[in-house]
S.K.: 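Sending over a structure as structure tokens; questions will come in a sec.
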Amino acid sequence: AEILRCAKWIRDKPDDQGHGKEGWFKPMHVGGRDASYHSNRLRALAKAGLIEKRWWGRAYAYRITPTGIERLAQEDSE
């Protein structure tokens, strides 16, 4: 859920350097320090439909989906 929360925050508050433009981000924007854990987790979230991904330059970029936002709302209401 932490990565989803970061993804929603990035979507809602893009910074002045373009991170989060249209909600898109790279693993380093959600705390990734290396390519393994966060990239693997983001791939799993994409497979579950909570995050979408697209090829952007030399790496994938990710964005939270409406389903991901709904999942966060469900978790917050529990």
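Computed from a predicted structure; not experimentally measured.
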S.K.: For atom CZ of Arg71, decide whether the heavy atoms of other residues, nucleotides or ligands shown that lie under 6.0 angstrom number more than 12.
M.R.: no
S.K.: Kindly compute the distance separating CG (Leu4) from CD1 (Ile51), expressed to the nearest 0.5 Å.
M.R.: 5.0 Å
S.K.: Tell me if the centroids of the rings in Tyr60 and Trp55 come within less than 6.0 Å of each other.
M.R.: yes
S.K.: Look up atom CD in Glu75 and atom CZ in Arg5, then write down how far apart they are to the nearest 0.5 Å.
M.R.: 6.0 Å
S.K.: Quick one: closest heavy-atom pair of Gly49 and Thr67, and the distance?
M.R.: O-CB, 3.6 Å
S.K.: Look up atom CD1 in Ile64 and atom CD1 in Ile3, then write down how far apart they are to the nearest 0.5 Å.
M.R.: 11.0 Å
S.K.: Tell me whether the rings of Trp24 and Trp56 are parallel (<30°), tilted (30 to 60°) or perpendicular (>60°).
M.R.: perpendicular
S.K.: Could you pull out the closest heavy-atom pair between Ile69 and Lys8, with the gap in Å?
M.R.: CG2-CE, 4.2 Å
S.K.: To the closest 0.5 Å, what do you measure between OH (Tyr62) and NZ (Lys26)?
M.R.: 10.5 Å
S.K.: First locate atom CD of Glu70, then atom CG of Leu50, and finally report the distance between them rounded to the nearest 0.5 Å.
M.R.: 10.0 Å
